[in-house]
Amino acid sequence: MGSEEQAEVSMSMGLDAQLDYVSRVLVSLDWSQRRKGCEVAAMIGTQMGSAHMERLAGTLVGVALMDGDAEVRQAAVQAIVTFNDDVKREAARRIAEEGLRYELESLHCSRRNVKSAACAAIGWLGPEFGLPYLEILQDCLKDKSSLVKKRAMAALSAWGPPVASQEIARMVVQDLGRAVIGDRDPPVRAAACDALGSILEGAPDLPLPLPEEPDEDDEAVDAVDVLLDEESLPARARTESDEEMEPLNIAIRYITRVLQSDDYASVRRAAASALGSIGGDVCVAQAECLFVVTMQDSDKEVRLRAATSLTKLGGRYSQQIAEALAMALEGRDKDPFAKLTAVQALHVQGCLDAQHANTVGSALLDVDDDVRELAALTLLSTDEEARLPFGKRLMLTALQDKVPYVQAAAILALEALSGRLAVADFAADLATGLESEEVSARWGALKAMRALGVDAVEPYSRELAMLLSDDSWYVRSLATDMLLELGPRGAEESQPVLVKALHNLDQEVRSTAAIALGRHGQVASQHAAAVCSRMLANRPGVKSDDPDADLSEKMEVRVACMWALGQFHPDSVVPLLHNLDDGLFHRNTEYRLAATEALTNLGPRAVALRKDHLGTMQSNDRDERVREAAAAALKHIGL
């Protein structure tokens, strides 16, 4: 029996049996079974009494600390989280005492990951149960193992701002700051930045250290010193602030330093994000540094994170920053990389003023692919009124650009303007792209037209129908969606093409053509005979010398045709009703169901002609859906 089946069986047992199952699989050699045991424990956690919880929690703590599989350890802690608060507090105490204080006897010890596992577990338990052991976790920040330090920092990052309210918060921040600037392992430096960004979110005031209590035997305290208050201190002592030596300020300096100079992009990314998370005046002072990184860092993700942090710090960009970005986009800076970073920065910033939208709009004509893409995406985030003047340029980009992802970006911006652009001004230009030899041009024209809305698409329904047989699957699929969205609109122009497509060699095209005719509804009723012919005929272009060969139409096409017949006017289909018998008596369930539903849609006249067979289907058909459809049909004639 597999582990999935065992878990399902265990959930059908009583509570005692489930507990017995969990106890057995937690010592299994199969890691997946141990994980399932922990998951079952989490499911029944709220159902257990305190005694059961305490006993099982003892076992789960051992699993969380000692199991060799990370998924099993996490599942064990998640099970403990479902227990009551008293049990969770005791589990946290055990994890801290037995795990966080675990000392390695040898790097080759089989239990060398116990401390790192304990750091992860205490983090998953959350600040409510983990913060009482913050001092022990702080010691792990100075551990010899990089893995232990990373896990401890991840726990602090998960706890977040509540750490900043603790008495030893200053010391924790100091240790993290030292790790940011001094640790040799890049992942540890990045984890330290993440932890500082989470703990110091919003730049909180850290608690002052508790004053040392004077010795009880000390009676020689100077009375003048006792009476001195803040007003009587020398002016120099009152004005010379120790702010620069505050742990928060030191941490910001360290983060800024690694942002500017660390060799590893992962560290710089974490530092850029940390400055945005911390915020406050202390980080606003670093806006210039963030701007330099936004424009010059070699890593795209670092630039984007720095730009995001700039936005968090100052809301909208300062005039100086906006002018610098505009200069880059206007071509005064000949470096394509500078243009790219400028567009990235503006894109992250969000909603733009019209003056900046102008400079971004000019970047749609840039020679660099990435600049054009980001310019289009940036226009997507501008005010709608600021974006409208660039509709023509966006459409040309969507239609003519040779780079697919640039096209896609322009189309996204166009779709956001759906219903606002003047249809007559652009639809004709876009329609010329439907006949282009370039697949990307046809696809881009379709997407752009779709963004204009059905009013723009309707005059070109014939062209859409012709694209149903396009060589490109992407173009065919998009044209199909757009044609079906039109429904009966434009039917007069597209129906001749669709009837011809019923005989296409591609079965997908034949099926789509039938569905599109069905979507036209009763206005396509004149083509009922053509649809019946397609449904019952052999597959076009298929021949065989074997007299027993099955040359009949594919079932997908036959079902589509049967559905379409059910959408036409009864007067055009009832004379051809014998053609529906092919479906009513067929062994294929879907085809039989489609025929029964088509009869229902055609109304009482059609149902009455086949009432005897429908009655048999209602009673004897092996498929419940067909029986229900037959019963629904018979209701039309009161049976």
Run the side-chain contact (heavy atoms from CB on, under 4.5 Å) check on E556 and Q507 step by step: do they pass?
CA-CA 8 Å; E556 177 186 353; Q507 75 174 59; 3.1 Å; yes
Could you please spell out the steps behind the side-chain contact (heavy atoms from CB on, under 4.5 Å) verdict for L134 and L156?
CA-CA 9 Å; L134 179 60; L156 292 171; 3.6 Å; yes
Step by step, would you call L176 with I199 a side-chain contact (heavy atoms from CB on, under 4.5 Å)?
CA-CA 10 Å; L176 289 171; I199 293 170; 3.7 Å; yes
I'd like to know whether E90 forms a salt bridge (Lys or Arg N to Asp or Glu O under 4.0 Å) with R94, so could you lay out the CA-CA distance, the side-chain angles of the two residues, the decisive distance to 0.1 Å, and finally the verdict.
CA-CA 6 Å; E90 176 60 20; R94 282 195 56 194; 5.6 Å; no
I'd like to know whether Y133 forms a side-chain contact (heavy atoms from CB on, under 4.5 Å) with L137, so could you lay out the CA-CA distance, the side-chain angles of the two residues, the decisive distance to 0.1 Å, and finally the verdict.
CA-CA 6 Å; Y133 307 100; L137 188 64; over 6 Å; no
Quick one: do E508 and K554 satisfy salt bridge (Lys or Arg N to Asp or Glu O under 4.0 Å)? Show the steps, please.
CA-CA 10 Å; E508 182 182 355; K554 290 290 187 181; over 6 Å; no
Between K36 and E39, is a salt bridge (Lys or Arg N to Asp or Glu O under 4.0 Å) present by the stated rule, with each step listed?
CA-CA 5 Å; K36 283 294 179 184; E39 291 172 352; 3.5 Å; yes
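Residues Q174 and I250 form no side-chain contact, since every pair of their non-hydrogen atoms from C-beta on lies 4.5 Å or further apart. Residues S511 and I515 form a side-chain contact, since some pair of their non-hydrogen atoms from C-beta on lies under 4.5 Å apart. Residues Q260 and C289 meet the side-chain proximity criterion, which asks for heavy atoms closer than 4.5 Å. Residues V559 and L593 are not in side-chain contact: their nearest non-hydrogen atoms beyond the backbone lie 4.5 Å or more apart. Counting heavy atoms from C-beta outward, D194 and M153 have side chains that stay 4.5 Å or more apart. Proximity of D85 to R89: side-chain heavy atoms (C-beta onward) are separated by under 4.5 Å at one or more points. Using a 4.5 Å cut-off on side-chain heavy atoms (C-beta onward), T596 and D621 make no contact. Contact check for L196 versus Y254: no side-chain heavy atoms found under the 4.5 Å cut-off.
Not a single donor-acceptor pair under 3.5 Å links the side chain of R151 to the backbone N or O of A120. In this structure, the side chain of S23 engages the main chain of L19 through a donor-acceptor pair within 3.5 Å. Proximity of a side-chain donor or acceptor of R170 to a complementary backbone N or O of P207 within less than 3.5 Å is detected. Panel note: side chain R592, backbone R587; a donor-acceptor pair is recorded below 3.5 Å. Remark: side-chain polar atoms of K88 are paired, donor with acceptor, to backbone N or O of V81 under 3.5 angstrom. Under a 3.5 Å cut-off, the side chain of R305 and the backbone N or O of S273 do not form any donor-acceptor pair. With hydrogens and angles ignored, the 3.5 Å screen pairs a side-chain donor or acceptor of S261 with a backbone N or O of R257.
The CD1 atom of I80 sits 11.5 Å away from atom CZ of F129, with the distance rounded to the nearest 0.5 Å. Annotation: the span from I252 atom CD1 to L259 atom CG amounts to 11.0 Å, rounded to 0.5 Å. The line from CD1 of I255 to CZ of R189 is 13.5 Å long, rounded to the nearest 0.5 Å. Here L200 contributes atom CG and D205 contributes atom CG; the two are 11.0 Å apart, rounded to the nearest 0.5 Å. From T82, atom OG1 reaches atom CD1 of I44 across 8.5 Å, with rounding to the nearest 0.5 Å. Remark: K115 NZ to D139 CG distance equals 8.0 Å, nearest 0.5 Å.
Nearest heavy atom pair, residue A64 against residue V77, reads CB-CG2, 3.8 Å. Across all non-hydrogen atoms, the minimal contact from V258 to A271 is CG2-CB, 3.8 Å. Contact record, V87 with A57: CG1-CB, 3.5 Å, taken as the closest heavy-atom pair. Heavy atoms only, all atoms of each residue included: V173 and L248 are closest at CG1-N, 4.5 Å. Shown here for I278 and G197, the closest heavy-atom pair between the two residues is CG1-CA, 4.0 Å. Contact detail for V267 and P186: the closest heavy-atom pair is CG2-O, 3.4 Å.
Partner of K149 under the side-chain hydrogen bond (donor to acceptor under 3.5 Å, both in side chains) criterion, out of D183, D143, D185: D183 alone.
Looking at E71 and R34, no side-chain N of the basic residue comes within less than 4.0 Å of a carboxylate O on the acidic one, giving no salt bridge. Salt-bridge annotation for R268 and D299: absent, with no side-chain N of the basic residue lying under 4.0 Å from a carboxylate O of the acidic one. Classification of R35 and D69 as a salt-bridged pair fails, no side-chain N sitting under 4.0 Å from a carboxylate O.
Among pairs with a residue in residues 157-166, none fulfils side-chain hydrogen bond (donor to acceptor under 3.5 Å, both in side chains), at least two apart in sequence or across chains.
A side-chain donor-acceptor contact under 3.5 Å links D30 and S32.
Heavy atoms from other residues, nucleotides or ligands lying under 6.0 Å from CD of E135 number 12 at most.
By the salt bridge (Lys or Arg N to Asp or Glu O under 4.0 Å) test, E485 is found to be paired with R450, residues two or more places apart in sequence or in another chain being considered.
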